[in-house]
Amino acid sequence: MQGTTLFLFTNDLRLSDNRAFMEAAGSCKNLVCVYCVDPAWFKPGRYQSKVMGDHRWRFLRESIESLESQLEQRRQKLLIRLHNPLQAVGRLLKAHEIDTVYRSQNMGYQEVKYWQTLKQLFPSVTFKEVATYSLFQQEELPFELKDLPATFTQFRKQIENLHISEAVTAPDIIPRPMPGLNYRSDWLPATGKTGSPFKGGETAGAGHLKQYFSTMQPTTYKETRNALQGWETTTKFSPWLAHGCLSSRQIAQALRHFESMIMANESTYWIQFELLWREYFQWYALKHGVGLFSSRGIKDKCKLSCFYPERFQKWCAGNTPWPIVNACMKELQATGYLSNRGRQIVASCFIHELGMDWRYGAAWFEQQLVDYDVGSNWGNWQYLAGVGADPQGCRHFDLDKQTRQFDPDGSYVKRWEGNKTYPLDSVDAADWPIMP
């Protein structure tokens, strides 16, 4: 058994079905639990947006506090550092005799990069990753990562009949904190009041999972999943999945139990279908790395676009010529959430009607969405832009048709005050005279 192990919490803010944490806890005498809040999250990046908006940060902070409470119940502590993981973990490894560092496998390019850098800087320390964010371990996939199918359909056909491991319960007893370490956490940015209906944390996520499968809503999911509004129309698991408060295995297990005890139909299958879509984009992100953020996408396809600051601001604020787009963007701004159909509508508008570089839209979603995860967000934007995994090339939505189909009585547009429309571009003195 090792002496002291550091466990770095990332996108796995739970103790239940956290195999990485359980493996770390079962192999050491002392355990240092760390979570890093990167100050760069709160500053604008290259695409005009921050990594962490108010809605997302509030949910994340609630999730961190929930994890802290779970650890305290087991006589452990969570050391919170207001630094990026490379700095924070590096300082701890230099200052203390730590044998091993564990974390859940991360799929994002930056997360992979800093992990590799830590390994190079500390060759005497053992670094271990365990997949907790996906349904499967990498070695369970029926292909090498380099051979990941180019489309979701090809991927689904190869994995949908694979056995999904049972979720495991949280350990009651875990190793004690490392003696002599100052466990005073850094000050964290405050959270303001937001209109998000979601509460972060493992306890809230487990409660929602139990409540959802205690209803008959899973049996109508396929019919209601494209609705623009309504709490009961979709599963609403995504925020807890994105932060690791719930695991995809826990959802799959609850779904199997529902199908065996209550009912299995096309709608319950469709919930698994959506879990597989999420699974595909996780491995897609890991395979393509920095290519996930390339304007040319994984297809290396030239996509003619530009950046118009005025158009970008109007789209973000919901001040466009299209009421359905305005309503969607105002809901996103107010709540940090948007239905899947709404996301497709506003992304298609951004790419095709506005002619904008899709990466600016993806970055705005990253800032705003309470359920943001790197693979699903950037993979879906590539898909809509025609530079990703879509075999059709691109998806251009007819906004009038979408309005007639998904908001026929105008109730959604009315609720979010999307009716007021604005000209796409301003006209200034440089454009006159229009006529002789």
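All figures in this text were calculated on a predicted structure; none of them were measured in a lab.
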For Leu15 and Arg74, the nearest pair of non-hydrogen atoms, with its separation, is CD1-NH1, 3.7 Å
Which of Leu8, Val130, Asn18, Leu13 passes side chain to side chain contact (heavy atoms under 4.5 Å, CB included) with Ser104? It is Asn18
Between Arg256 and Glu166 (salt bridge meaning N to carboxylate O under 4.0 Å), is one present in this structure? yes
Near-ring test Phe155/Trp283, centroid separation under 6.0 angstrom:
no
* Asked: Any salt bridge between Asp371 and Arg343, counting N to O under 4.0 Å?
  -> yes
**Prompt:** Short question: side chain of Gln282, backbone of Met107 - any donor-acceptor pair under 3.5 Å?
**Reply:** no
Q. Is it true that Arg19 and Asp17 have a side-chain N and a carboxylate O under 4.0 angstrom from each other?
A. yes
Query raised in the report: Can the ring centroids of His208 and Phe237 be said to lie less than 6.0 angstrom from one another?
Result: yes
| request: State whether the side chain of Lys50 and the backbone N or O of Gly45 hold a donor-acceptor pair below 3.5 Å, judged by distance alone. | output: no
Practice prompt. Verify the ring-centre separation between Phe350 and Trp381: is it less than 6.0 angstrom?
Written response: yes
- Message: Would Arg103 and Phe21 count as a cation-pi pair here, with the cationic atom under 6.0 angstrom from the ring centre and within 45° of the axis?
- Response: no
Where the side chain of Trp358 meets the backbone of Ser295, is there a donor-acceptor pair that is under 3.5 Å apart? yes
Please work out which of the three classes, parallel, tilted or perpendicular, describes the rings of Trp315 and Phe365, given edges at 30° and 60°.
parallel
| said: Using 30° and 60° as the class boundaries, would you call the ring planes of Tyr284 and Phe281 parallel, tilted or perpendicular? | reply: perpendicular
### Task
Check whether any side-chain N or O of Asn380 sits under 3.5 Å from a backbone N or O of Ser376 as a donor-acceptor pair, and report yes or no.
yes
Would you say the side-chain atoms of Gln382 pair up with the backbone N or O of Gly291, donor to acceptor, closer than 3.5 Å?
yes
* Asked: Relative to each other, are the rings of Phe152 and Trp277 parallel, tilted or perpendicular (30° and 60° limits)?
  -> parallel
Checking Lys222, Gln217, Glu223 against Ser267 for side chain to side chain donor-acceptor pair (under 3.5 Å), the one that qualifies is Glu223
Checklist entry - Do the ring centers of Phe307 and Tyr360 come within less than 6.0 Å of each other? => result yes
Check your understanding: Quick one: are Tyr114 and Asn84 in side-chain contact, heavy atoms under 4.5 Å?
Key -> no
All heavy atoms of Thr10 vs all of Tyr35, minimum pair found to be O-CE1, 3.5 Å
* To do: Could you tell me whether Lys236 sits above the aromatic face of Trp231, with NZ or CZ closer than 6.0 angstrom to the six-membered ring centre and within 45 degrees of the axis?
  => yes
Practice problem: Side-chain contact test, heavy atoms from C-beta onward, threshold under 4.5 Å: evaluate it for Val413 versus Trp322 and give yes or no. | Solution: no
**Asked** Asp407 side chain to Tyr412 main-chain N or O, any donor-acceptor pair under 3.5 Å?
**Response** yes
Between Trp240 and Phe198 (judged by ring centroids, cut-off 6.0 Å), do the two rings come close enough to count as a pair? yes
Requested in this report: Look at the side chain of Ser185 and the backbone N and O of Ile80, then say whether any donor-acceptor pair between them is shorter than 3.5 Å.
Outcome: yes
Arg395 and Tyr383: side-chain donor and acceptor closer than 3.5 Å? yes
Whether Glu274 and Arg278 form a salt bridge (side-chain N of Lys/Arg under 4.0 Å from carboxylate O of Asp/Glu) is what I want to check.
no
Heavy-atom closest pair (Cys245 atom, Phe59 atom, distance to 0.1 Å) is SG-CE2, 4.4 Å
Heavy atoms of Pro149 and Gln154 approach each other most closely as CB-CB, 3.6 Å
